[in-house]
Amino acid sequence: MTGEAKIYKNYIDGEWVESATGETFENRNPADTSDLIGLFQKSDKRDVDAAVAAARKAYKKWRLVPAPKRGELILKLALWMKEHKEELAREATREMGKILAETRGDVQEGIDMGIFISGEGRRFYGETTPSELPNKFAMSIRQSIGVCGLITPWNFPMAIPTWKMFPALLCGNTVVIKPATFTPMTVVNLIKGCEAVGIPKGVVNMVTGNGSMVGEPITNHPDVDLVSFTGSSAVGKHINSACAPDFKRVCLEMGGKNAMIVMDDAKLDLAVDGALWGAFGTTGQRCTATSRCLVQRKVYNEFLSSLASRAKSLKVGNGLDESVEMGPAIDGDQLKKDLEYVGIGKEEGARLVLGGNRLTGGDYDKGFFMEPTIFADVKPTMRIAREEIFGPVLSVIPFDTLEEAVDIVNQSEYGLSGSVYTQDVNVAFTAMRDIYTGLFYVNAPTIGAENHLPFGGTKATGNGHREAGSQCLDMFSEWKAVYVDFSGSLQRAQIDTDDIVKVEN
Ligand code: NAP
Ligand code: MG
């Protein structure tokens, strides 16, 4: 698409403003690089400073707005998103590439999060509890933290920003969000929603630009109290260290190498459906993607041939075409990485049973398309079984016993999601108990999280926090224990407690 490219601005203190650099960057459709979505601000530290200052100023008042009222504004925003769901999904597919059914799901996840979190505003519960001393009252309450820096990836361009922004706001914080360079349009759209429903100026600010010029200054800013990041483990590790010297609160959601276990009593058609959706949905570019499939030896060949023939017929193309089942890689570098892993798998001695090539010819030449790819006879020690590829490349691994399968799954440096297919309740519960991940599914693939349950992972996937669920409130608020002594005298805890139990008439 040629013609005049639309210019999108930063959103700071309730105004759409140009970056201090005066420069912009292009956002193009990965399914058709001739489709220019727009030009976005190439911001730097000066823009971050302005956004943080606005957020700091707005924080003074926003923290005092009653939580139920903050929740109502978020609900309005969720309803605004519902009204605009189709256009939001289309723009997300255009800038990110995944198929429309999936971007509709991505937007719906944001809507669900808004509806769920808005209710938390009326359930912002603490505890009341008896004091150990007479005429004294004790309780715990949540307090807001301050300015939150939100750094988001491109693979869920709407859901992940809402997973961070909505609970941050509900808890009384203000935010500065940096969208991924590949997907700023979707966050611009979310900000338009904030504006439409009347979120006060300065409460939400957005600065576009890359990781080093915008992400770093957010992370290092002394007036940012919390950094919430979703992305790769490498960048997460760096952010974690950068936040450590000032004890800045930091919440990290990172990579995965998720495994599905298929037992020999499983309903094989169901398991094949699950593996297809888990491995090739979002072109494998999900943190929860099924990238390892462990199959019990008795059904190994049958499962593999059925999976390969189904995967072979997946229609790959531009996600805006409703008949397409798998979109492109996000960009040329990711495609190159995917193809490199195909080479690595071959060198390691895995058996390539499907795909492995870039798709070319016709419209394929306009974007970054690749065949759904399956390796069989993969050994758990191979790099393709251990490293996150983030592409449509599935490693199938044979095993004999459940114990062996659980060991293989747990060998991963990551711990986001796992799943088991079986008809045996004993096997299901054993696997559920023994697999060390933050998410686990029985008779479903490794993807499919719902907003009212906690989301996150163990080991190199996360640093102990959870997004979504009511647990996400713990990330964006601090607990305060409050004691109210109405005895009129000094009562010393743990000391003046000896005679209290005497009851004299
Ligand atoms: P990424 O390269 O780590 O980038 C994530 C975000 O961090 C982007 O906004 C990026 O900006 C920014 N960033 C890059 N370098 C930075 C720095 N030095 N300081 C501060 N910010 C910086 O990850 P991605 O490629 O966008 O996403 C894919 C990864 O995310 C995968 O590993 C996937 O597993 C993970 N992920 C995890 C979850 C989860 O919930 N566990 C969910 C989705 C994705 P630019 O866009 O400008 O590079
Ligand atoms: Mg793009």
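Whatever order the structure lists them in is the order used to number ligands and atoms, beginning at 1. Numbering starts at 1 and runs along the sequence shown.
- Counting only distance, with no hydrogens or angles, the side chain of Asn410 and the backbone of Ile435 share no donor-acceptor pair below 3.5 Å.
- Regarding atom 21 (N) of ligand 1, its nearest protein heavy-atom neighbour is Gly215 CA, 3.6 Å.
- Checked by atom type and distance alone, the side chain of Asp32 never pairs as donor or acceptor with a backbone atom of Lys366 at under 3.5 Å.
- Looking only at protein heavy atoms, the nearest one to atom 14 (C) of ligand 1 is Gly211 CA, 3.7 Å.
- By the 4.0 Å heavy-atom criterion, Ile160 is counted among the residues contacting ligand 1.
- At least one heavy atom of Phe229 lies less than 4.0 angstrom from ligand 1.
- Interface atoms of ligand 1 facing Ala180, defined by a heavy-atom separation under 4.0 Å, are 9 (O), 46 (O).
- Considering only non-hydrogen protein atoms, atom 11 (O) of ligand 1 sits nearest to Lys178 NZ, 3.0 Å.
- Residue-level proximity to ligand 1 for Val214 is absent, since no heavy atom of it falls below 4.0 angstrom.
- Looking at Thr446 and Ser419, their side chains never bring a donor and an acceptor atom within 3.5 Å of each other.
- Distances from atom 39 (C) of ligand 1 to the heavy atoms of Pro184, Cys287, Gly456 put Cys287 nearest.
- A salt bridge links Lys45 with Asp49: at least one charged nitrogen is closer than 4.0 Å to a carboxylate oxygen.
- Take Ser43 and apply the side-chain hydrogen bond (donor to acceptor under 3.5 Å, both in side chains) test, not counting sequence neighbours, and it matches Asn10.
- Considering each of Tyr414, Phe25, Phe390, the one bringing a non-hydrogen atom nearest atom 28 (C) of ligand 1 is Phe390.
- Closest to atom 5 (C) of ligand 1 by heavy atom, among Val235, Ile389, Thr230, is Thr230.
- By the criterion of a heavy-atom distance under 4.0 Å, the side chain of Glu388, and not its backbone, is placed next to ligand 1.
- Asp338 and Gln334 share a side-chain donor-acceptor pair at under 3.5 Å.
- Applying the 4.0 Å criterion to heavy atoms of Asn210 picks out, from ligand 1, the atoms 47 (O).
- For Gln41 and Asp47, the side-chain atoms include no donor-acceptor pair closer than 3.5 Å.
- Among protein heavy atoms, atom 2 (O) of ligand 1 sits closest to Ser232 OG, 4.0 Å.
- When heavy-atom distances to ligand 1 are checked against a 4.0 Å cut-off, His238 comes that close only through its side chain, counted from C-beta outward.
- For Phe455 and Trp163, the distance between ring centers is under 6.0 angstrom.
- To the nearest 0.5 Å, atom CE of residue Met382 and atom CD of residue Glu348 are 5.5 Å apart.
- A donor-acceptor contact under 3.5 angstrom links the side chains of Asn27 and Glu95, judged on distance only.
- Looking only at heavy atoms of the protein, atom 40 (O) of ligand 1 is closest to Phe455 CE2, 3.1 Å.
- Annotation for ligand 1: atoms under 4.0 Å from non-hydrogen atoms of Pro153 are 26 (O), 27 (O).
- Between Asn258, Asn155, Val187, Asn220, it is Asn155 that holds the heavy atom closest to atom 44 (C) of ligand 1.
- Screening residues 239-262 for salt bridge (Lys or Arg N to Asp or Glu O under 4.0 Å), with sequence neighbours left out, gives Arg249-Glu478.
- When the heavy atoms of Ser212, Gly438, Pro157, Gly231 are ranked by distance to atom 35 (C) of ligand 1, first place goes to Gly231.
- When hydrogens are left out, the protein atom nearest atom 8 (C) of ligand 1 is Thr152 O, 3.4 Å; that is the closest non-hydrogen contact.
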What's the verdict on side-chain contact (heavy atoms from CB on, under 4.5 Å) for Leu190 and Met165, showing C-alpha distance, side-chain angles and the deciding distance?
CA-CA 10 Å; Leu190 177 62; Met165 185 192 289; 3.8 Å; yes

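- Between Glu216 and ligand 1, at least one pair of N/O atoms sits closer than 3.5 Å.
- What sits closest to atom 37 (C) of ligand 1 on the protein, heavy atoms only, is Met254 O, 3.0 Å.
- Interatomic distance, OH of Tyr364 versus OG1 of Thr360, reported as 9.5 Å (0.5 Å rounding).
- The nearest protein atom to atom 46 (O) of ligand 1, hydrogens excluded, is given as Thr181 N, 2.8 Å; this is a heavy-atom distance.
- Residue contact annotation: Trp154 has a non-hydrogen atom under 4.0 Å from ligand 1.
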Evaluate salt bridge (charged side-chain N to carboxylate O under 4.0 Å, His left out) for Arg310 paired with Glu325, printing each intermediate quantity in order.
CA-CA 12 Å; Arg310 291 277 305 281; Glu325 293 167 289; over 6 Å; no

